[in-house]
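Comments concern the structure below.
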Amino acid sequence: MPELPDVEMIRRYVQATALHQPIRGVEVLAPTMLEGITPSRLGRRLKGQSIEAAERYGKYVFVGLSNGWWLVFHFGMTGDLRYFKDLSHHPSYEPFLIHFSSGSHLVYVSRRKLGMIALIEEPLAFVKWKRLGPDAWESEFTATHLRQWCEGKLRSLKSALLDQHFIAGIGNLYADEILFQAHLHPQAHVGQLRTGTLENVQKTIKRVMKIAIDRRADPAHMPRSWLLPVRGPGGHCPACRHTLSRATISGRTTYFCSTCQRKTT
DNA sequence: ACATTGACCTGAGAGC
DNA sequence: TGCTCTCAGGTCAATG
């Protein structure tokens, strides 16, 4: 679930639920998910503080604390943040919990321990350290950036879209959606696409991100013309009704319409 | 430079 | 019902 639109929902959720409450303590039930800090040290840094901000970059959420430190969350394939007034409806998988003095809780839930939790001093320095490309939804991601990055490269468009060093926030599902809407084959070579085509790709990325966020990142509520609602075995192209093709590209399962999506233009 | 593979984790669903 | 196998939205490192 957690690609850019989903992570944006998580950010807004934190902002709407968990701000300005003193932290009584934290609980780390999956210490291996902490990066660069021990559970006890993390507890000391957070105790008595409050959450004052929630930012996002790519697939990361940065939770700003009253002492200036930032908690960083990456959600892997299954992670989410949930806010509970009390823990009577105990979440099942909870690597990390923040307990507020009010009695409520902000809980990182995840079935698989593929995510990451860290404590950092400066989000932008973290982004630089991770060498993340521009956020797919922010204005820094321009057609010029796309063109410069693709120039002379042999790699496939699908792998480029998934590369967080190139552009941050797109995952496997939305990469397929973007390719579908741009009418481009996932194995199109980025270096062979014309300037006008690349500009269209950039516009498509922006449009897909915007609409996905407007519709709260819920695949069931995406437009009928989109791939997402039918993406899966036996799905049919919303445009031409052909059965969708399935292939492994860049190591990831890819669904596309072999009629509507072209390798060149 | 790029694609591919496996590792990291664990649940869900299919097939037997 | 229960077992085994395969797959899943992410990232990273090693290999060819």
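Sequence lines set the chain letters: A, B, ... in the order given, protein chains first and strands last, and positions in each chain run from 1.
As a whole-Å value, the separation of A/Glu94 CD from B/dT10 P is 14 Å. Atom pair A/Ile167:CD1 and C/dG10:P shows a separation of 14 Å (rounding to whole Å applied).
Screening A/Asp176, A/Asn200, A/Val208 against A/Gln181 for a side chain to side chain contact (heavy atoms under 4.5 Å, CB included) leaves a single residue, A/Val208. When each of A/Asp6, A/Leu161, A/Ile205 is paired with A/Tyr174, the side chain to side chain contact (heavy atoms under 4.5 Å, CB included) condition holds for A/Asp6 and for no other. Results of the side chain to side chain contact (heavy atoms under 4.5 Å, CB included) test with A/Met209 over A/Asp135, A/Thr204, A/Asp214, A/Ile178 single out A/Ile178 as the only residue that passes.
Between A/Glu8 and A/Arg12 there is a salt bridge, since at least one side-chain N of the basic residue sits less than 4.0 Å from a carboxylate O of the acidic one.
Qualifying ring-ring contact (aromatic ring centres under 6.0 Å, His included) partners for A/Tyr108, counting only residues two or more places apart in sequence or in other chains: A/Phe73, A/Phe75.
With both ends at atom C1', the span from B/dA12 to C/dT11 equals 22 Å, rounded to whole Å. With P as the reference atom, B/dC9 and C/dC3 are 25 Å apart, rounded to whole Å. Spacing of P atoms, B/dA14 relative to C/dG9, comes out at 16 Å, to the nearest Å.
The number of heavy atoms from other shown groups lying within 6.0 Å of CZ (A/Arg155) is above 12.
In this model, the phosphate group of C/dT11 is approached by a side-chain N or O of A/His74 to a distance below 4.0 Å at OP1 or OP2. Taking 4.0 angstrom as the limit, A/Arg231 places a side-chain polar atom (N or O) nearer than this to OP1 or OP2 of C/dG9. At B/dT10, one or more side-chain N or O atoms of A/Lys113 fall inside 4.0 Å of OP1 or OP2 (strictly under the cut-off). Distances shown here put a side-chain N or O of A/Ser159 below 4.0 Å from the OP1 or OP2 atom of B/dA3. Of the side-chain N and O atoms in A/Ser250, none sit less than 4.0 angstrom from OP1 or OP2 of B/dC2. Close to C/dG10, at under 4.0 Å from its OP1 or OP2, lies a side-chain N or O of A/Lys59. For A/Arg112, no side-chain nitrogen or oxygen approaches OP1 or OP2 of C/dG9 to under 4.0 Å.
Nearest nucleotide to the A/Leu114 side chain, out of C/dA8, B/dC9, C/dT11: B/dC9. Closest to the side chain of A/Lys130, out of C/dC12, B/dA12, C/dG10, is C/dC12. Looking at the side chain of A/Gln164, the nearest of the listed nucleotides C/dG10, C/dT11, B/dC2 is C/dT11. Here the side chain of A/Thr253 is nearest to one of C/dT11, B/dA3, C/dG9, namely C/dG9.
The CD1 atom of A/Ile51 sits 8.0 Å away from the CD atom of A/Gln21 when rounded to the nearest 0.5 Å.
A donor-acceptor contact under 3.5 Å is not formed by the side chain of A/Arg155 with the base of B/dA3.
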* Structure fact -> Note, DNA chain C 5' to 3' with Watson-Crick or G-U pairs under 3.5 Å encoded as ( ), [ ], | and . gives .|||||||.|||||||
